Amino acid sequence: RAIRVGSKTFALETEYAQEKDIECLARALTCLDTGKVMDIVKIDRPIIFDDFIKDLKDKLKTVGKKSKTNRIRRAILESRIAQLESMNLQDPVYRAEYYIVIYDGIKKELDRVTTQICSYLRNAELECEILDNPRDVAVFLKYCNERSFDERESVGKTAEELLAWVKPK
């Protein structure tokens with residue numbers, strides 16, 4: 001089972017808060033029983049700007065065309081849309097995402113440990129998301145094997161289609 005872990009800037013915290021967070025992280029990373037295994041995985045994922053582009057296009061529709069000020073606003077919005085579309089398609093910008101992957105042969109134990117780890121992470125004020133959605137799991141697994149794909153290809157696929165999509169070629 002995979003857990004997406006948020007990030008934070010420890011340097012901005014007090015020494016006491018840093019120690020508390022480190023203690024919570026240590027508990028999360030050492031709470032496994034004998035026979036269980038954990039990996040920490042870093043994946044560089046491209047930032048998808050679709051929502052930003054849509055918002056800018058919606059804003060563009062509201063700007064008139066006649067006045068000089070509006071023409072300048074339109075030019076700025078169009079330039080920004082073009083820049084984001086380029087970063088979305090040709091020149092992606094990547095951000096690091098971190099995951100904890102837990103392995104166990106007994107599902108009930110896997111669920112217990114996953115919940116426990118998330119509890120410790122939340123105590124350290126880190127976001128914690130258990131990947132339960134088949135699409136999220138498929139995208140995670142695909143990024144573990146390659147980076148040159150568009151994760152939007154996974155939208156709308158059935159579980160069987162996702163399985164075929166994830167398999168390395």
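Count residues from 1 along the sequence. Note that the coordinates shown come from a computational prediction; the quantities given were computed from them, not determined experimentally.
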K36 vs E109 side-chain heavy atoms within contact, under 4.5 Å: yes

Other residues, nucleotides, ligands: >12 heavy atoms within 6.0 Å of Q90 CD: yes

Check: D111 and K108 side chains under 4.5 Å, non-hydrogen atoms: no

Hydrophobic cluster identity match, L89 and L84, side-chain contacts under 4.5 Å: no

Nearest heavy-atom neighbours spanning R152 and D150: NE-OD1, 2.8 Å

Within one Ile-Leu-Val-Met-Phe-Trp-Tyr cluster: W165 and L163, side-chain cutoff 4.5 Å: no

salt_bridge(E151, K142) N-O dist < 4.0 Å: no

Side chain R74, main chain V63, donor-acceptor under 3.5 Å: yes

NZ/NE/NH1/NH2 to OD/OE distance under 4.0 Å, K54 and D58: yes

Test item: Y16 and D21 side chains (from C-beta on) under 4.5 Å apart, heavy atoms: no

Side-chain heavy-atom pair E146, Y143 within 4.5 angstrom cut-off: no

side-chain contact (heavy atoms from CB on, under 4.5 Å), paired with S119, selected from N123, T115, I117: N123

Lys/Arg N to Asp/Glu carboxylate O, E78 vs K57, below 4.0 Å: no

Residues forming a salt bridge (Lys or Arg N to Asp or Glu O under 4.0 Å) with E160, sequence neighbours excluded: none

Nearest non-hydrogen partners of V37 and L32, listed with the distance: C-CD1, 3.7 Å

Co-membership, hydrophobic cluster, residues L131 and F149, 4.5 Å side-chain: yes

Pairwise distance CG(L29) to CE(M38) - rounded to 0.5 angstrom: 5.5 Å

Residue pair L110 / I102: nearest heavy atoms and the distance that separates them: CD1-O, 3.5 Å

I130 side chain reached by C118 side chain, heavy atoms, under 4.5 Å: yes

Separation between OG1 of T62 and CZ of R73, rounded to the nearest 0.5 Å: 9.5 Å

Pairs meeting criterion ring pair (Phe, Tyr, Trp, His ring centres under 6.0 Å) with involvement of residues 77-132, two or more places apart: Y99-F140

Pairwise side-chain contact, L162 with S154, heavy-atom cut-off 4.5 Å (strictly under): yes

Closest heavy-atom pair and its distance - N145, V166: ND2-O, 4.4 Å

Residues R122, E127: salt bridge by 4.0 Å N-O rule: no

Short N-O contact, K59 and D55, less than 4.0 angstrom: no

Salt-bridge present (R95, E97; N to O < 4.0 Å): yes

Donor-acceptor pair, side chain of S86 and main chain of A82, under 3.5 angstrom: no

Same apolar cluster: I3 and I106, side chain cutoff 4.5 Å: no

Minimum-distance pair of heavy atoms, taken over all atoms of Q18 and A11: NE2-CA, 3.9 Å

Validation row: L126, K8 side chains within 4.5 angstrom (heavy atoms): yes

Test side-chain hydrogen bond (donor to acceptor under 3.5 Å, both in side chains) applied to R1 and T114, step by step: CA-CA 8 Å; R1 179 161 276 182; T114 302; 4.7 Å; no

Side-chain (E161) to main-chain (T158) donor-acceptor, under 3.5 angstrom: yes

Exercise: identify the closest heavy-atom pair between I43 and C144: CD1-SG, 4.1 Å

Rounded distance [0.5 Å steps], CG in L56 versus CG in D51: 11.0 Å

NZ/NE/NH1/NH2 to OD/OE distance under 4.0 Å, K20 and E23: no

Working for side-chain contact (heavy atoms from CB on, under 4.5 Å), residues D136 and V139: CA-CA 5 Å; D136 292 340; V139 169; 5.8 Å; no

Donor-acceptor contact below 3.5 Å, side chain T14 vs main chain A17: yes

Beyond-backbone contact of I76 with I72, side-chain heavy atoms, under 4.5 angstrom: yes

Heavy-atom donor-acceptor pair, N88 side chain to F49 backbone, under 3.5 Å: yes

Under 3.5 Å donor-acceptor, D39 side chain and V41 backbone: no

side-chain contact (heavy atoms from CB on, under 4.5 Å) between L121 and L25, worked out: CA-CA 6 Å; L121 293 173; L25 286 170; 3.6 Å; yes

Over 12 non-hydrogen atoms of neighbours within 6.0 angstrom of CG in D91: yes

